[in-house]
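All values reported here derive from a predicted model rather than from experimental measurement. All ligand and atom numbering here is 1-based and tracks the order in the structure.
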Amino acid sequence: MPTPTDPLFRPFSLKSLALKNRIVMAPMTRCMAPEGVPGPANAAYYRRRAEGDVGLILTEGTVVDRPAARNHHGIPLFHGAAALAGWKGVADAVHGAGGLIAPQLWHTGSTRAGKWEPEAPVESPSGIIGPDQPRGVAMSEEDIADTIAAFGRAAADAKAAGFDSLELHAAHGYLIDQFFWAGSNLRDDAWGGATLQLRARFALEVVRAVRAAVGPDFPVIMRVSQWKQQDYEVKLAATPDEMTAWLAPLVEAGVDILHCSQRRFWVAEFPELDGEAGLNFAGWAKKLTGAATISVGSVGLNTEFFGAFRGQASGAVPFDNLLERMARDEFDMVAVGRVLLSDPDWVVKVREGRLDELHGFNPEVMSGLI
Ligand SMILES: Cc1cc2nc3c(=O)[nH]c(=O)nc-3n(C[C@H](O)[C@H](O)[C@H](O)COP(=O)(O)O)c2cc1C
C-alpha cells in the first residue's frame, strides 16, 4: 500500500545519475579541512549521510584554482594533488555506503574579508561586494579567462575522482552570482550590461568550459538564487520572461539540473501570477526551462512541520505541502540542509514513518559534526 511519503521515495534518473530517492543533502560549508585537504574525518562525515540513505550528497563548497577563491582557511580546495586525493577518498567512502556524491565548485568572490593570504587579491566583477561597498579589485580579462579555465579543470578533476555529478555554486552572492547581480556587476564590457541575460555571460562561459571538460553524459547541476547574502530581498528575475532569459541559455549550454535556492520552499515565486500557494522558484525554473530542478529551504526544521502529516493541527509549514508539490512534479528533488547536520538518519526515519523521532535542527551540532 502506498504511504504518504511515497513522492519522496520514487527513484530519479538523469543521464548517468540514478537516485534511489528524491532527497538531496544541501551543500553546507564546515570549515573543517585543515590546509584545505579533506581527510578521513570529512570522509566519515559524508559516509554517515550516505548510510542514512540520502539520495544524492552535495558537498560543502570547495574552491577552484584561483588565488583568492576561499573566504576562510578551513574551506577545502578542489585543486592540487593532496586535496584531490582527499576528495577521492570522500567519494570512495560515500560509494562504499551505496551513496552518490557531487562536489559543489565555488569561488567566493568579494565575500572574502580575511587577510591570511595577503598575496591573493580579493576579486569580483567590479571590485565591490554590493552597491557602494568597495571590496578588492575588478577582474581583468585575464583573471576572468583563468577563472573560467579553473572551473573547467575542477570539473574534469571531479569526474576523474569518481564523483557522480558536480554542482556549480552560482548563488547567494558569491562570484558567479556577483556577475548576475546589477548591484555587484557594474561592468560595461562584454561581462556586464543592462540586462540579467547579458550579465549571465560569465556563468554561460563557465558552463561551456565545464561541459567541454566532462563530455555530454556527465550530469551538471547549477545552484542559483534570487536572494543574496548581501540582501535577502533582491530578485534577479522579476518576471517569468526575465527568468527564462537568465536560465534557459544556461540549460542550453549544458546545465542538466537547476538547484533553486530559497530560504523557505513553500514561498511562491510570482504570487501575483498564481497566488500565494503558487509555484516556487524550482517550480517556475522547471516550467520555464524544461530542466530538472531541486528545491530547498527549511524542510523538516521544526516538529510543527510534520504536524499535519501526523494528523495533528497543522503547523505553518505542513509536510503535506512538500509532498503535494512533489507528487505533482512541481520540481524533481528536494534538498535538506540543517536537519541532516543534526540527524544523519532523517531520511530513514521519514521513510519508516518514525516521525516521533524527528527533532529538527540543533545548532549545537555545528561545533563538532560527525
Ligand atoms: C552551516 C551552513 C553552511 C552552508 N554552506 C553552504 C555552501 O557551502 N554552499 C551553498 O550553496 N549553500 C550553503 N548553505 C545553504 C544550504 O545549502 C541550504 O540552502 C540552507 O541551509 C537552507 O536549507 P535548510 O533550511 O534545509 O537548512 C549553508 C547552510 C548552512 C546552515
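For R263, no heavy-atom contact with ligand 1 is shorter than 4.0 Å. Contact annotation: for T29 versus ligand 1, heavy atoms closer than 4.0 Å belong to both the backbone and the side chain. Under 4.0 angstrom from ligand 1, the non-hydrogen atoms of Q104 all belong to its side chain.
Distances between N or O atoms of Q262 and those of ligand 1 include no value under 3.5 Å. For ligand 1, the polar-atom distance check finds an N/O of G61 within less than 3.5 Å of one of the ligand's N/O atoms. Of the polar atoms of G337, at least one N or O is found under 3.5 Å from an N or O of ligand 1, judged by distance alone.
Salt-bridge check for R66 with D143: passed, with a basic side-chain N closer than 4.0 Å to an acidic carboxylate O. Ion pairing of R48 with D345 is present here, as a side-chain N (NZ or NE/NH1/NH2) and a carboxylate O approach within less than 4.0 Å. A salt bridge links E269 to K235: one of the charged nitrogens lies within less than 4.0 Å of a carboxylate oxygen.
Considering each of A335, S298, S225, the one bringing a non-hydrogen atom nearest atom 24 (P) of ligand 1 is S298. Comparing heavy-atom distances from atom 19 (O) of ligand 1 across H172, R223, M28 singles out R223 as nearest. Across S261, A171, G297, P27, heavy-atom proximity to atom 14 (N) of ligand 1 is greatest for P27.
Cation-pi geometry between R30 and Y45 is satisfied (NZ or CZ under 6.0 Å from the ring centre, within 45° of the ring normal). A cation-pi contact links K287 to W284, judged by a cut-off of 6.0 Å to the six-membered ring centre and 45° from its axis. In this structure, R263 forms a cation-pi arrangement with Y232, its terminal cationic atom sitting closer than 6.0 Å to the ring centre and no more than 45° off the ring axis.
Shown here is E252, whose CD atom has no more than 12 heavy atoms of other residues, nucleotides or ligands within 6.0 Å.
Within the structure, the closest approach of V296 to ligand 1 falls below 4.0 Å when heavy atoms are considered.
Using a 4.0 Å cut-off to heavy atoms of A26, the atoms of ligand 1 that qualify are 17 (O). Shown in contact with R338 at under 4.0 Å from a heavy atom are these atoms of ligand 1, numbered in order with element: 21 (O), 24 (P), 25 (O), 26 (O), 27 (O), 31 (C).
Below 30°, between 30° and 60°, or above 60°: for W106 and H169 the angle between ring planes is below 30°, a parallel geometry.
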